[in-house]
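Note sheet for the following structure.
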Amino acid sequence: MATLVVVDAPVPGPKEGDSYPLGKRTTVIGRQETCAFQLVDDAISRKHLQIRYEPGDARYYALDMNSANGTVINGTRIQGDVALNDGDVIRIGGTTIEFTLDDAPDLTSAVARFKQRDQRGQPTIGQ
């Protein structure tokens, strides 16, 4: 199962080595508490990045959700859908994440423990 692994992150939020299994569904990453993968960082939009699985070609795709500061994959700011490959490095705000097709190394790093309330009404700081 594909997994997102935090490589580097500012505090508070996920820590280096935390992992999030993706499954075969759409996952939204952002600052909002309803996001499956929440990152509390003023440079990250409430709904920043979508990662979805396409069963037709059995691949995962990343889509920036019109975020204020954009999404960078392997050093390039993305536009539109981008197919993800094993080992791709995703940077949003101050957080660096690796996309891997391997199983999560630590399934106990549950998404819920990083949820921080009251992010829905907070503005995003543009850079």
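No hydrogens, no waters, no symmetry mates; every other heavy atom, side chains included, goes into these values.
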Donor-acceptor pair, distance only, cut-off 3.5 Å: does the side chain of [X] make one with the backbone of [Y]?
| X | Y | value |
| --- | --- | --- |
| R46 | Q32 | no |
| D41 | G93 | no |
| N69 | A43 | yes |
| S45 | A68 | yes |

Can you name the closest pair of heavy atoms from S19 and P21 and give their distance? O-CD, 4.0 Å
What's the spacing between [X] [atom1] and [Y] [atom2] if we round to 0.5 Å?
| X | Y | atom1 | atom2 | answer |
| --- | --- | --- | --- | --- |
| I97 | I51 | CD1 | CD1 | 7.0 Å |
| L63 | L49 | CG | CG | 7.5 Å |
| D86 | T3 | CG | OG1 | 10.0 Å |
| Q50 | I29 | CD | CD1 | 10.0 Å |
| L4 | D88 | CG | CG | 11.0 Å |
| I73 | I78 | CD1 | CD1 | 4.0 Å |

Please, which pairs that meet salt bridge (charged side-chain N to carboxylate O under 4.0 Å, His left out) have at least one residue in residues 63-81, sequence neighbours excluded? R52-D81
Given a cutoff of under 4.5 Å between side-chain heavy atoms of I, L, V, M, F, W and Y, with clusters grown through shared members, what are the other residues clustered with V89? none
Which ILVMFWY residues are connected to M65, directly or by a chain of links, through side-chain heavy atoms under 4.5 Å apart? V28
Please determine whether side-chain contact (heavy atoms from CB on, under 4.5 Å) holds for the pair L22 and F37, giving the CA-CA distance in whole Å, both sets of side-chain angles, and the decisive distance to 0.1 Å. CA-CA 10 Å; L22 292 174; F37 184 169; over 6 Å; no
hydrophobic_cluster_shared for M1 and Y61, side chain cutoff 4.5 Å: no
Across all chains, not counting sequence neighbours, the ring pair (Phe, Tyr, Trp, His ring centres under 6.0 Å) partners of Y60 are Y53, F99
According to ring-ring contact (aromatic ring centres under 6.0 Å, His included), does anything in residues 69-94 pair up with another residue at least two apart or in another chain? List the pairs. none
Are the side chains of [X] and [Y] in touch, meaning some heavy atoms are under 4.5 Å apart?
| X | Y | answer |
| --- | --- | --- |
| R31 | H48 | no |
| I90 | L84 | yes |
| R59 | E54 | no |

D8, V5, V6 screened by side-chain contact (heavy atoms from CB on, under 4.5 Å) with T96, the one that passes: D8
The test is side-chain contact (heavy atoms from CB on, under 4.5 Å); show your working for V82 and T76 and say whether it passes. CA-CA 11 Å; V82 174; T76 303; over 6 Å; no
I'd like to check the salt bridge (Lys or Arg N to Asp or Glu O under 4.0 Å) partners of R91; sequence neighbours left out, ordered by chain and number. none
